[in-house]
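Atom set for the values below is all heavy atoms of this structure, side chains included, hydrogens, waters and symmetry mates excluded. Below, read A as the first sequence line, B as the second, and so on, with proteins coming before strands; counting in each chain starts at 1.
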2 protein chains.
Amino acid sequence: MNTVRGARARARVEVTAAIKDEARKQLAAEGAAKLSLRAVARELGMVSSALYRYFPSRDDLLTALIVDAYDAIGAAAEAALADVDAGARAGAAPAGAGAKAPSPACAGAGGTPTPRARWTAVCRAVRAWAVAHPHEYALIYGSPVPGYSAPQATVAPASRVAHVLLAVLRDAHRSEGVAPPPLAEGLRAEADRLAADLAPDLPPALAVAFVNAWCQLFGLISFEVFGHFAGVVEEAETFFTHSADRLGRELGLLR
Amino acid sequence: MNTVRGARARARVEVTAAIKDEARKQLAAEGAAKLSLRAVARELGMVSSALYRYFPSRDDLLTALIVDAYDAIGAAAEAALADVDAGARAGAAPAGAGAKAPSPACAGAGGTPTPRARWTAVCRAVRAWAVAHPHEYALIYGSPVPGYSAPQATVAPASRVAHVLLAVLRDAHRSEGVAPPPLAEGLRAEADRLAADLAPDLPPALAVAFVNAWCQLFGLISFEVFGHFAGVVEEAETFFTHSADRLGRELGLLR
DNA sequence: GTCTATAGGCGGATAGAC
DNA sequence: GTCTATCCGCCTATAGAC
């Protein structure tokens with residue numbers, strides 16, 4: 001009976017994965033607004049009503065895709081940070097697991113990576129994921145899907161990238177200090193609340209500067225992914241790396 | 001015959017405007033991907049085939065909405081710059097035309113507004129338009145509409161905001177100089193091309209810094225409009241104003 | 001320019017047999 | 001869990017009368 005349950009459960013995850021894979025393909029072709037259970041079923045050789053055993057509604061399928069996308073971009077950010085730290089300790093990249101080439105920016109040196117190198121490595125990984133998965137990126141950082149409101153289940157995955165970036169700041173703050181730009185008068189209250197919510201151990205001025213950098217980071221990525229660089233920026237990756245480094249600098253990561 | 005032609009032409013623009021207005025409403029309710037000629041016609045008490053006399057296809061209607069949106073946000077930027085300049089000369093706002101309240105940031109002083117005040121005024125106007133028209137904003141700065149590719153006719157309107165911001169930089173560069181951040185090694189080529197394309201009279205380092213600031217400006221706006229500030233930033237306008245001012249500062253607008 | 005009618009699709013969701 | 005059948009809605013686009 002256990003084996004039967006196991007087999008059924010296995011079949012279920014496999015079919016669920018197949019549905020999500022096909023749905024992702026359609027996301028690319030038609031966009032989130034037109035994601036259709038029927039079309040997914042058709043492509044999978046199933047009948048539409050069968051899908052309702054896996055996802056109770058179209059919106060639930062969409063939620064699953066959104067959570068997956070946030071998790072994927074968050075995992076990419078986490079892996080990049082692990083890589084840059086590991087790459088600095090050993091000359092060679094740890095084979096296997098990561099599936100991410102170590103950032104060239106941190107190659108060579110055997111010491112601890114600088115806070116800015118860590119920051120930039122994470123930013124680059126986030127951009128790389130976005131460029132490699134433009135439609136999933138659009139799903140989570142583009143226009144809201146009309147008529148869909150994100151359930152509570154999406155908020156934790158949605159914050160993974162920010163938490164990685166905050167970890168970089170926190171480490172730098174502890175080890176060598178950070179020099180964020182001064183806090184403007186009118187932002188006192190907002191800054192205190194922000195710091196209390198996001199990172200009680202960081203100075204409020206740094207919390208504000210972080211939120212700023214966080215928005216601007218995704219602004220750079222979105223403009224590239226959404227096509228606003230056409231005819232303007234040609235070497236997008238070089239441009240981005242430079243911009244990310246400047247964001248880190250402006251945050252107060254001096255080194 | 002002239003009067004007849006005139007009357008017909010007038011009716012035509014009126015109906016065209018009504019169609020676009022209704023389409024904008026539906027944009028808000030259903031999103032660009034689901035914009036439907038039939039639904040527009042239904043709401044207008046017309047029959048769907050009649051719309052084809054005004055817009056040859058759904059995509060043409062979409063193009064018209066996109067051009068209108070770019071023009072509207074561009075006009076808001078231009079008006080804001082005119083206002084801040086006019087407001088600095090006269091104590092009171094010029095009545096009528098602008099339909100935009102003069103930015104409080106520039107009230108009082110009778111002299112020429114500083115470059116940073118001009119920059120920030122334009123940024124604030126762009127944000128204000130976006131917040132007031134979130135769905136039209138999403139249409140032009142959000143996820144690309146699947147299956148739709150923007151025709152050549154959209155590129156000129158799309159650049160109006162950037163041109164206003166560049167005008168602010170150009171004026172500052174001429175009158176009192178600008179101190180952009182130094183240009184990184186690897187960006188030489190990109191910077192030269194960028195400067196040649198966007199503003200041959202500005203230093204390449206400034207052109208790069210400008211593109212940076214331009215992306216980041218829309219990153220701030222997009223995060224607010226697309227709901228990523230929920231539970232994070234509460235006083236979005238104050239936060240934005242501060243951020244825009246910092247962007248100007250980092251561009252090298254010292255004053 | 002506007003109408004009716006029509007072609008030839010598409011969608012979400014449910015009931016009930018197996 | 002998967003199927004058939006079904007309800008009831010939606011869409012773009014064209015033809016041809018008026």
Side-chain angles (χ1 to χ4, degrees), chain A residues 1 3-20 22-66 145-149 151, chain B residues 1-20 22-65 145-149 151:
Chain A
M1 187 166 166
T3 35
V4 172
R5 276 249 302 277
R8 277 189 188 160
R10 209 163 30 246
R12 193 177 170 84
V13 269
E14 270 164 27
V15 175
T16 304
I19 292 171
K20 290 199 290 189
E22 179 57 38
R24 267 184 280 269
K25 275 187 209 159
Q26 303 208 359
L27 214 55
E30 298 290 345
K34 285 190 178 165
L35 176 63
S36 133
L37 288 184
R38 273 185 114 98
V40 171
R42 202 167 33 236
E43 216 62 30
L44 255 40
M46 299 169 77
V47 88
S48 68
S49 59
L51 284 206
Y52 287 85
R53 301 281 170 181
Y54 296 89
F55 296 95
S57 78
R58 196 200 82 119
D59 281 7
D60 290 275
L61 175 52
L62 207 47
T63 298
L65 297 179
I66 289 172
V145 182
Y148 172 86
S149 102
Chain B
M1 186 164 169
N2 253 350
T3 36
V4 172
R5 274 249 303 277
R8 276 190 188 159
R10 209 163 31 246
R12 191 176 172 84
V13 272
E14 270 165 27
V15 175
T16 304
I19 291 171
K20 290 200 289 189
E22 179 56 37
R24 267 185 281 268
K25 276 187 209 159
Q26 303 210 357
L27 214 56
E30 298 289 346
K34 286 191 177 166
L35 175 64
S36 133
L37 289 185
R38 267 187 116 95
V40 171
R42 201 167 32 235
E43 217 61 29
L44 255 42
M46 300 170 75
V47 89
S48 66
S49 59
L51 285 205
Y52 286 86
R53 301 280 170 181
Y54 296 89
F55 295 96
S57 78
R58 197 199 81 119
D59 280 7
D60 289 275
L61 174 53
L62 207 46
T63 298
L65 297 179
V145 182
Y148 172 86
S149 105

Q. Can you check side-chain contact (heavy atoms from CB on, under 4.5 Å) on Lys20(B) and Tyr54(B), steps first, answer last?
A. CA-CA 10 Å; Lys20(B) 290 200 289 189; Tyr54(B) 296 89; over 6 Å; no
Q | DNA chain D contacts among residues 31-43 of chain B, heavy-atom distance under 4.0 Å | A | Leu35(B), Ser36(B), Leu37(B), Arg38(B), Ala39(B), Arg42(B)
Q. When you look for runs of 3 or more Watson-Crick or G-U pairs in a row, both distances below 3.5 Å, which of them include DNA chain C?
A. C:1-18 with D:1-18
Table of protein N/O atoms under 3.5 Å from nucleotides 15-17 of chain C N/O atoms:
none

**Q.** Distance-minimising heavy-atom pair for Ala23(B) and Leu65(B)
**A.** CB-CD1, 3.9 Å
(Q) On a heavy-atom basis, which atom in Val40(A) and which in Gln26(A) lie closest, and how many Å separate them? (A) N-NE2, 3.4 Å
Q. Without hydrogens or angle criteria, can the side chains of Thr63(A) and Asp60(A) be said to hold a donor-acceptor pair below 3.5 Å?
A. no
Q: Take Val145(B) and Leu35(B) through the test side-chain contact (heavy atoms from CB on, under 4.5 Å) and record every step on the way to the result.
A: CA-CA 11 Å; Val145(B) 182; Leu35(B) 175 64; over 6 Å; no
Q: Between Asp59(B) and Val15(A), just flag the one whose closest nucleotide in DNA chain D comes earlier from the 5' side.
A: Val15(A)
Q: Look at all strands and tell whether Phe55(B) reaches a base, only sugar-phosphate, or nothing, counting heavy atoms closer than 4.0 Å.
A: nothing
Q.
Please confirm whether the shortest side-chain N or O distance from Tyr54(A) to OP1 or OP2 of dG1(D) is below 4.0 Å.
A. no
(Q) Could you walk me through whether Phe55(B) and Leu62(B) satisfy the side-chain contact (heavy atoms from CB on, under 4.5 Å) test, starting with their C-alpha distance in whole Å, then the side-chain angles of each, then the deciding distance to 0.1 Å, before giving a yes or no? (A) CA-CA 9 Å; Phe55(B) 295 96; Leu62(B) 207 46; over 6 Å; no
Q: Considering just the side-chain nitrogens and oxygens of Tyr52(B), establish if one lies under 4.0 Å of OP1 or OP2 belonging to dG1(C).
A: no
